[in-house]
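Data first, discussion second: the structure below is written as structure tokens.
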Amino acid sequence: MSRTVIASVVRVPWHSTHGGYDQLLDHLPEVHRVTAPIGLLTRRVASAAHQLARPWHPPSFYPAEHFATDLRILASRHPAHVLYGEEQFWFSRHRHVPTAVTYHQPPENLTMLMPHAAWKKVASRANHVIVVSPSQRDFFARHLAEERIHLVPHGVDTDTFSPLGTPDFSAPPLVLTVGWWLRDWDVLDAVHDRLHHRYGRQIRLALVTRRDAAQNRHPAIRVLEGIGEAELVSLYRAATVVLLPLLGATANNALLEALACGTPVVATDVGGVRHYTGNGPGAVLTPPGDSLAAAEATEVLLAEAGTACHTARRTAARDRAQEFTWPHVAHQVREVYRLLGEE
């Protein structure tokens, strides 16, 4: 990489301290970070400019912080990496300096965001697009040459998210669900209802999510909102199974974090999920919308708690997560940066 690369940094508020895609930059110390202004005056200026530019805003989540970061990327003369293209690559697409953009959303979500004619104008302005799931390739192949599309997986901090000894099997088994985005609440509610009626207090049900997503969930579920990272890691480690019914996915932080903690996962076989779980015993994948299959898979893992089979699943889950460590991901991103530096 012969030229300095800059990268946009905006923290996603629901990610934990060591979770989220911006963790990539901790393993790319040569990259210069670009953030939104933090002073009171500069924040006010950015907010005012954000309001003035509203007629040209994209139809997406695009607060003043993202707008300010976008403009700082636009003003720079260095090659750039926009970490969240859906939210930060709008005005900066008009720059005439090599730019790589990572996209995270499933194709169906991108299609709802804008029509393909508009995507052609936006995506084609990126010199290189990084996708985190094979399921995204065809979407961007409509607008870009194949050699400009790079599959580089999302990563996970396997030091923070890690197993810790042998789980306590004297306590009732814990079925844990984490997150809110693209979760299949109908399937989750059906599985929770079945598990509660079959096992009652013999198992524990816990859900880590946002407050608005926690409403109207099964009364037997322990709902946790706004917890710290240490408690989240403890829950992953204590869980017998992490249950992730999904409507769609590319990469999924909760999936990778659970695997890294050595906890078997039951997840929906949709989008990029299989790309991250592989075909090993660390994860059981079920068809989309199939609550019976999800419940039965969860019960299999509950029945295995404390057995050699469960231990093998935990080992396989951890081994799979080790394939997505941030240093390994950073090595692949550097290859994209090398291409930027040559343009």
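Side chains are part of it too, since the values below use all heavy atoms of this structure and drop only hydrogens, waters and symmetry mates.
- Cluster membership for Trp185 and Leu195, using ILVMFWY side-chain heavy atoms within less than 4.5 angstrom, is shared.
- The two residues Val242 and Ala258 have their closest heavy-atom pair at CG2-CB, 3.7 Å.
- Side-chain contact check for Glu225 and Trp180: no donor-acceptor pair (N or O, by modelled atom type) lies under 3.5 Å.
- The shortest non-hydrogen separation linking Pro163 to Gly262 is CG-N, 4.1 Å.
- Counting only heavy atoms from C-beta outward, the side chains of His196 and Arg201 never approach each other to under 4.5 Å.
- Annotation: salt bridge (Lys or Arg N to Asp or Glu O under 4.0 Å) contacts involving residues 20-29, sequence neighbours excluded, comprise Arg11-Asp22, Asp26-Arg33.
- Residue Asp212 qualifies as enclosed at atom CG: its count of foreign heavy atoms under 6.0 Å is above 12.
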Listed pairs under 3.5 Å, donor-acceptor, residues 282-290 side chains, sequence neighbours left out:
from	atom 1	to	atom 2	distance (Å)
Asp290	OD1	Leu292	N	3.3
Asp290	OD1	Ala293	N	2.9

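- In this structure, CG in Asn253 is found 9.5 Å from CD in Gln23, a value given to the nearest 0.5 Å.
- No donor-acceptor pair under 3.5 Å is formed between the side chain of Arg334 and the backbone N or O of Gln332.
- With hydrogens and angles ignored, the 3.5 Å screen pairs no side-chain donor or acceptor of Arg320 with any backbone N or O of Thr315.
- Arg95 places a side-chain N or O within donor-acceptor distance of the main-chain N or O of His78, the cut-off being under 3.5 Å.
- Side-chain atoms of Arg237 and Ser162 include a donor-acceptor pair closer than 3.5 Å.
- Residues Arg142 and Lys120 are not in side-chain contact: their nearest non-hydrogen atoms beyond the backbone lie 4.5 Å or more apart.
- Rounded to the nearest 0.5 angstrom, Leu224 CG and Leu235 CG are separated by 6.0 Å.
- With rounding to the nearest 0.5 angstrom, the CD1 atom of Ile73 is 7.5 Å from the OG1 atom of Thr99.
- Atom CG of residue Leu182 and atom OG1 of residue Thr268 lie 11.0 Å apart, to the nearest 0.5 angstrom.
- Judged purely by atom type and a 3.5 angstrom limit, Asp70 uses its side chain to pair as donor or acceptor with the backbone of Ser92.
- Between the side chain of His66 and the main chain of Tyr84, no donor-acceptor pair closer than 3.5 Å is present.
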Would you sort out whether Arg313 and Arg318 count as a side chain to side chain contact (heavy atoms under 4.5 Å, CB included), showing the intermediate values? CA-CA 9 Å; Arg313 289 189 188 276; Arg318 175 66 179 179; over 6 Å; no
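- With sequence neighbours excluded, the residues satisfying side chain to side chain donor-acceptor pair (under 3.5 Å) with Gln88 are Ser8.
- For the ring-ring contact (aromatic ring centres under 6.0 Å, His included) condition, the pairs that include at least one residue of residues 122-149, sequence neighbours left out, are Tyr103-Phe140, His116-Phe139, His116-His143, Trp119-Phe139, His128-His150, Phe139-His143.
- Side-chain contact check for Val132 versus Thr102: some heavy-atom pair is nearer than 4.5 Å.
- Using a 4.5 Å cut-off on side-chain heavy atoms (C-beta onward), Glu30 and Leu28 make contact.
- Taking the six-membered ring for Trp and the full ring otherwise, Trp326 and His331 have centroids separated by 6.0 Å or more.
- Nearest heavy-atom pair, Val187 versus Ser291, reported as atom, atom and distance to 0.1 Å: CG1-CA, 3.8 Å.
- Going from atom CD of Glu65 over to atom OG of Ser47 covers 10.0 Å, rounded to the nearest 0.5 Å.
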Step by step, would you call Leu176 with Leu243 a side chain to side chain contact (heavy atoms under 4.5 Å, CB included)? CA-CA 6 Å; Leu176 175 67; Leu243 172 62; over 6 Å; no
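- There is no path of hydrophobic side-chain contacts, each under 4.5 Å, that joins Leu244 to Leu247.
- Remark: Leu110 CG to Gln105 CD distance equals 6.5 Å, nearest 0.5 Å.
- Phe67 and Phe91 have their aromatic ring centers within a separation under 6.0 angstrom.
- For Ala126 against Val101, the heavy-atom pair with the smallest separation is CB-CG2, 3.8 Å.
- Cluster annotation: Trp181 is connected to Leu83 through the hydrophobic network of ILVMFWY side chains, with a link wherever side-chain heavy atoms come within less than 4.5 Å.
- The closest donor-acceptor contact from the side chain of Arg217 to the backbone of Ala213 lies under 3.5 Å.
- A donor-acceptor distance shorter than 3.5 angstrom exists from the side chain of Thr311 to the backbone of Thr307, with no hydrogens or angles considered.
- Using a 4.5 Å heavy-atom cutoff, the side chains of Val131 and Val129 are in contact.
- Remark: the backbone N or O of Pro106 is not paired with any side-chain donor or acceptor of Gln136 at under 3.5 angstrom.
- Pairing each heavy atom of Ala317 with each of Thr263, the nearest pair is CB-O, 4.0 Å.
- A 4.5 Å side-chain heavy-atom check between Pro245 and Val191 finds every atom pair outside the cut-off.
- Listed for the Thr250 side chain is a donor-acceptor partner under 3.5 Å among the backbone atoms of His104.
- Among residues two or more places apart in sequence or in another chain, the ring pair (Phe, Tyr, Trp, His ring centres under 6.0 Å) test is passed with His81 by Tyr337.
- Put simply, Leu164 and Leu174 are part of two different groups of oily side chains (I, L, V, M, F, W, Y) that touch within less than 4.5 Å, one to the next.
- No side-chain N or O of Glu323 forms a donor-acceptor pair with one of His328 less than 3.5 Å apart.
- With Leu259 as the fixed residue, the side chain to side chain contact (heavy atoms under 4.5 Å, CB included) test singles out one of Asp319, Val265, Thr158: Val265.
- Within the structure, ring-ring contact (aromatic ring centres under 6.0 Å, His included) contacts touching residues 250-278 (residues at least two apart or in different chains) are Tyr276-Phe324.
- A donor-acceptor contact shorter than 3.5 Å is absent between the side chain of Arg93 and the backbone of Val122.
- In the hydrophobic clustering of ILVMFWY residues, with side-chain heavy atoms under 4.5 Å counting as a link, Val9 and Val152 come out together.
- Nearest heavy atom pair, residue Pro264 against residue Leu301, reads CB-CD2, 3.4 Å.
- Open room surrounds NE2 on His197; 12 or fewer heavy atoms of other groups in view lie less than 6.0 Å from it.
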